[in-house]
Amino acid sequence: MDEDIPRGYPYTVPTRRPVAWVTWFIVGSTVAVFLLQLREAHLHGEDVVGDVLAFSPQAMADHRYWTLLTYAWAHAVAMFGDSGLFWLHIVSNMIPLICLGPALEEMLGHGRYLGLYLGGAIASALVWYFFNSGGGSDEGIIGASGAVFAIIAAIGTAVPRARVTVLLLYILPIRMSMRVLALTVCGVEAASVLFHWMPEIAHSAHLGGAAFGFFYVLAVRRRS
């Protein structure tokens with residue numbers, strides 16, 4: 001093998017990247033919970049598991065504080081009233097988690113990355129609760145999108161100039177920096193809140209998770 005390397009050519013033996021076990025545990029456990037949701041919905045005709053795990057004003061009133069985390073492991077078994085779109089919610093959350101999570105986990109370390117994800121889920125739920133607790137509605141939220149927005153904002157803050165190819169509407173490839181990606185998705189969410197676009201989506205929760213991810217990375221950077 002040495003004869004195939006030109007004399008004086010810098011050669012580095014490649015090293016294996018660490019396994020992003022936190023990311024894959026989150027993905028695996030989330031998919032497992034979703035499959036359980038589908039099974040129970042098929043047997044009982046309603047999302048029994050999702051209702052138990054969901055975070056809502058009523059859950060806070062009942063002191064079920066554990067739903068501040070469990071809601072992030074449940075996803076809608078029907079989107080926009082169509083049960084045929086049962087896959088849309090979880091897929092739209094797991095794809096960015098799989099694409100961005102391992103790199104961020106390698107940068108932050110397993111423990112800090114787990115803290116980011118769990119903290120993002122809690123922060124997004126509390127922000128949503130702040131804006132929705134006074135409306136008298138008992139409707140709750142489910143989904144990992146708040147924690148995923150924390151990851152998007154965190155990686156946009158940690159490595160703002162790193163570039164990534166984004167599939168717009170999962171079709172059109174667009175090359176942009178992590179900073180632009182984070183600012184774009186947060187800008188869309190802010191506009192959705194201001195103009196009441198797609199009110200069935202918890203846009204305030206997304207912004208809460210993104211804010212947590214931004215300040216989390218700043219705090220880690222200051223302490224490191």
Side-chain angles (χ1 to χ4, degrees), residues 13-36 52-55 59-60 63-75 89-130 141-164 177-179 181-183 185-186 189 202 204-224:
V13 177
T15 58
R16 295 182 60 183
R17 299 174 69 93
V19 177
W21 63 265
V22 175
T23 298
W24 293 114
F25 173 78
I26 293 172
V27 172
S29 59
T30 303
V31 172
V33 170
F34 184 65
L35 292 177
L36 181 60
V52 172
L53 301 181
F55 174 74
M60 287 290 280
H63 306 291
R64 290 186 285 121
Y65 302 122
W66 43 270
T67 58
L68 285 165
L69 279 177
T70 58
Y71 84 96
W73 268 261
H75 287 79
H89 192 200
I90 189 170
V91 167
S92 62
N93 282 334
M94 293 301 102
I95 286 180
L97 179 59
I98 292 172
C99 292
L100 302 178
L104 187 59
E105 184 175 347
E106 183 176 350
M107 284 186 282
L108 295 179
H110 303 305
R112 286 175 172 171
Y113 176 79
L114 179 60
L116 168 67
Y117 191 87
L118 299 180
I122 294 173
S124 61
L126 291 177
V127 169
W128 176 86
Y129 177 74
F130 176 80
I141 57 172
I142 55 176
S145 52
V148 170
F149 266 79
I151 287 178
I152 294 174
I155 199 168
T157 305
V159 284
R161 293 183 178 85
R163 302 187 69 81
V164 63
S177 68
M178 289 293 186
R179 173 186 291 163
L181 172 62
L183 291 175
V185 296
C186 289
E189 293 303 306
S204 59
H206 298 168
L207 292 174
F212 179 86
F214 171 74
F215 288 111
Y216 187 90
V217 169
L218 293 184
V220 169
R221 182 179 294 169
R222 176 168 295 184
R223 292 188 61 183
S224 299

Of the non-hydrogen atoms in [X] and [Y], which two are nearest, and what is the gap between them?
X: T30; Y: M94; answer: CG2-CE, 3.9 Å
X: I90; Y: H75; answer: CA-CD2, 3.7 Å
X: A125; Y: L68; answer: CB-CD2, 3.8 Å
X: G143; Y: H89; answer: CA-CE1, 3.7 Å

Distance from [X] atom [atom1] to [Y] atom [atom2], nearest 0.5 Å?
X: S29; Y: W73; atom1: OG; atom2: CH2; result: 6.0 Å
X: L114; Y: L108; atom1: CG; atom2: CG; result: 11.0 Å
X: Y117; Y: I122; atom1: OH; atom2: CD1; result: 12.0 Å
X: L116; Y: Y216; atom1: CG; atom2: OH; result: 6.0 Å
X: I141; Y: S124; atom1: CD1; atom2: OG; result: 6.0 Å

Notebook entry, point to check: Does F55 offer a backbone N or O that forms a donor-acceptor pair with the side chain of T67 under 3.5 Å?
Noted result: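 Looks like no, no N/O pair under 3.5 Å.
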
Notebook entry, point to check: Is a side-chain N or O of E105 found less than 3.5 angstrom from the main chain of V22, in a donor-acceptor match?
Noted result: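 Yes.
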
For a quick test of your reading: what N or O donor-acceptor pairs under 3.5 Å do the side chains of residues 145-164 make, sequence neighbours left out?
residue, atom, partner, partner atom, Å
S145, OG, H206, NE2, 2.8
T157, OG1, A153, O, 2.8

Next item on the list: Would you check if there is a donor-acceptor pair between the side chains of Y129 and S204 at a distance under 3.5 Å?
Entry: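 There is no such pair (donor and acceptor under 3.5 Å, judged by atom type) between the side chains of S204 and Y129.
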
Check: For the residue pair H110 and W21, does the interplanar ring angle fall in the parallel (under 30°), tilted (30 to 60°) or perpendicular (over 60°) class?
Finding: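 Judged by the thresholds at 30° and 60°, the geometry between H110 and W21 is tilted.
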
